[in-house]
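Report on the structure given below.
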Amino acid sequence: MNLLAAKLNSGGPSSDMNAFREVLAVARHIVVLTGAGVSAESGVPTFRGAGGYWRTYQAQHLATLESFRQNPSLVWEFYSYRREVMHSKKPNAAHLAIAELEKRLEKQGRKVTVITQNIDRLHHQAGSKDIIELHGSLFLTRCTKCGDVQENYDSPIVPALKDKGAPDPDAKDAKIPIEELPKCGNCQGLTRPHVIWFGESLDSDVMARTFEELDKCDLCLLVGTSSVVYPAAGFAPMLAARGVPVAEFNMEETSVTGNLKYHFQGKCGEILPGALAKHPSEPEDKKTDS
């Protein structure tokens, strides 16, 4: 039995923070799975549940390839709005705590990988380096003709989308001509947001890297995710079944809570900074002479 396993006790989910921190102190390969809840604490619209509308549309009615083919202007208005919203949002204490953990443990030869369902890049802003974006990013475009993927933080992404995309139910569709929508820098083809839409499969390379990290993982943090969107919803139960300790940080219990080792209920931005703070057993940072 390794040291991690020895630190674990039997039974259902525990809320013993001290016990969790002892496990964290000896973990070598930590995976942090994050979902919409952590972004919501930064004020990012989630378009989930009651009130989760943009104009009169629910996200699942716009975030499809069929919708894009039928009305690329409308779909680009929706994503342009989401991009512009993100220019005013900042990482919260949860994002920062995760980034600080990665930076601190890297110096000790320990690894922290963020696997996120979020497309807002707040983990990047917070300073996390090892990030897998399961569902793509608002700030990546993909050409519908040649498939080229490009990073793009322009605001607005094209002049025709300036001041468009207002979420007001009474707002009129801009009906922007295709030739004025975002184009590929290589072939001038129409681009789409490089995100995973409903009905689409996750990128095979992204999934390969994800399972590579999950295979090495000896501690998993499940942060702000409702655990209903697959395949990500299956990751934590899979790890738990393998004997890997999983700690859930969420505003409420989820369908997977009963399978996990730890559950800490509340705002991630309030709980994570203390949970991930430096453990007394960690070495002191070496100071260099100036």
Side-chain angles (χ1 to χ4, degrees), residues 1-41 94-95 97-102 105 110-118 123 128 130-135 202 206-207 209-277 279:
M1 181 179 291
N2 61 31
L3 186 54
L4 268 176
K7 297 245 182 209
L8 302 177
N9 49 32
S10 58
S14 165
S15 58
D16 186 337
M17 183 60 75
N18 289 332
F20 163 74
R21 283 183 47 75
E22 290 302 311
V23 174
L24 175 67
V26 295
R28 304 292 305 176
H29 201 113
I30 301 164
V31 166
V32 185
L33 297 171
T34 69
V38 71
S39 292
E41 291 183 29
H95 295 106
I98 293 166
E100 198 282 327
L101 179 72
E102 178 187 11
L105 298 194
R110 301 161 66 192
K111 189 175 184 185
V112 176
T113 299
V114 174
I115 301 176
T116 186
Q117 299 172 78
N118 301 332
H123 285 297
S128 290
D130 192 4
I131 305 171
I132 298 174
E133 294 173 311
L134 288 175
H135 296 162
L202 271 62
V206 170
M207 288 303 295
R209 185 169 170 237
T210 295
F211 281 110
E212 181 181 343
E213 295 299 328
L214 293 175
D215 286 344
K216 299 174 184 175
C217 171
D218 59 6
L219 172 62
C220 175
L221 312 184
L222 194 60
V223 181
T225 174
S226 57
S227 296
V228 296
V229 179
Y230 282 84
F235 294 162
M238 176 186 73
L239 292 172
R242 206 174 76 206
V244 175
V246 179
E248 182 178 50
F249 298 83
N250 205 15
M251 288 293 292
E252 57 193 9
E253 292 188 357
T254 68
S255 61
V256 305
T257 301
N259 299 322
L260 310 181
K261 190 62 190 176
Y262 300 101
H263 174 78
F264 301 102
Q265 194 158 327
K267 290 185 176 180
C268 300
E270 294 178 358
I271 301 174
L272 274 184
L276 305 185
H279 190 272

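Checked against salt bridge (Lys or Arg N to Asp or Glu O under 4.0 Å), Glu213 has the following partners two or more places apart in sequence or in another chain: Lys111. For Ala25, the side chain to side chain contact (heavy atoms under 4.5 Å, CB included) partners two or more places apart in sequence, or in a different chain, are His279, Ser281. For the side chain to side chain contact (heavy atoms under 4.5 Å, CB included) test, residues two or more places apart in sequence or in another chain that qualify with Thr225 are Gln117, Leu222, Ser227. Judged as a side chain to side chain contact (heavy atoms under 4.5 Å, CB included), and not counting sequence neighbours, the contacts of Ala247 are Phe20, Leu221, Phe249, Tyr262, Phe264. Shown here are the side chain to side chain contact (heavy atoms under 4.5 Å, CB included) partners of Glu212, two or more places apart in sequence or in another chain: Lys216.
With values rounded to the nearest 0.5 angstrom, Ile115 atom CD1 is found 4.5 Å from Ile132 atom CD1. Taking OG of Ser226 as the start and CE of Met251 as the end, the distance is 13.5 Å to the nearest 0.5 Å. Rounding to the nearest 0.5 angstrom, the gap separating the CD atom in Glu41 from the CG atom in Leu272 is 8.5 Å. Note that the CZ atom of Arg21 and the CG atom of Leu276 stand 8.0 Å from one another [nearest 0.5 Å].
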Applying side-chain contact (heavy atoms from CB on, under 4.5 Å), run through Ile98 and Thr34 and close with a yes or a no. CA-CA 10 Å; Ile98 293 166; Thr34 69; 4.2 Å; yes
Please walk me through it: do Val32 and Val223 pass side-chain contact (heavy atoms from CB on, under 4.5 Å)? CA-CA 7 Å; Val32 185; Val223 181; 3.9 Å; yes
Could you walk me through whether His135 and Leu202 pass the side-chain contact (heavy atoms from CB on, under 4.5 Å) test, one step at a time? CA-CA 7 Å; His135 296 162; Leu202 271 62; 4.3 Å; yes
CA sep, side-chain torsions, deciding dist, call: Val31, Leu214, side-chain contact (heavy atoms from CB on, under 4.5 Å): CA-CA 7 Å; Val31 166; Leu214 293 175; 4.1 Å; yes
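Annotation: side chain of Val112 is not in contact with side chain of Glu100 (no heavy-atom distance under 4.5 Å). Ser128 has its side chain out of reach of His95: every pair of non-hydrogen atoms, C-beta onward, lies at least 4.5 Å apart. Residues Ile30 and Cys220 fail the side-chain proximity criterion, which asks for heavy atoms closer than 4.5 Å.
The main-chain N or O of Ala19 is found under 3.5 Å from a side-chain atom of Asp16 such that the two form a donor-acceptor pair. Here the side chain of Glu102 pairs a donor or acceptor atom with the backbone of Asp130 at under 3.5 angstrom. Within the 3.5 Å criterion, the main-chain N or O of His29 finds a donor-acceptor partner in the side chain of Asp218.
Heavy-atom minimum distance, Pro237 versus Asn259: CB-ND2, 4.4 Å. Closest approach of Met207 to Leu134, counting heavy atoms only: SD-CD2, 4.3 Å. Between Arg110 and Val26 the shortest heavy-atom distance is NH2-N, 4.1 Å. Of all heavy-atom pairs spanning Glu248 and Thr254, the tightest one is OE2-OG1, 2.7 Å. Closest approach of Asn118 and Ser39 over heavy atoms only: ND2-OG, 3.2 Å. For Val256 against Leu260, the heavy-atom pair with the smallest separation is O-CG, 3.3 Å.
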Validation: residues 229-236 side-chain donor-acceptor distances under 3.5 Å, sequence neighbours left out:
none

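The closest side-chain donor-acceptor pair between His263 and Gln265 falls under 3.5 angstrom.
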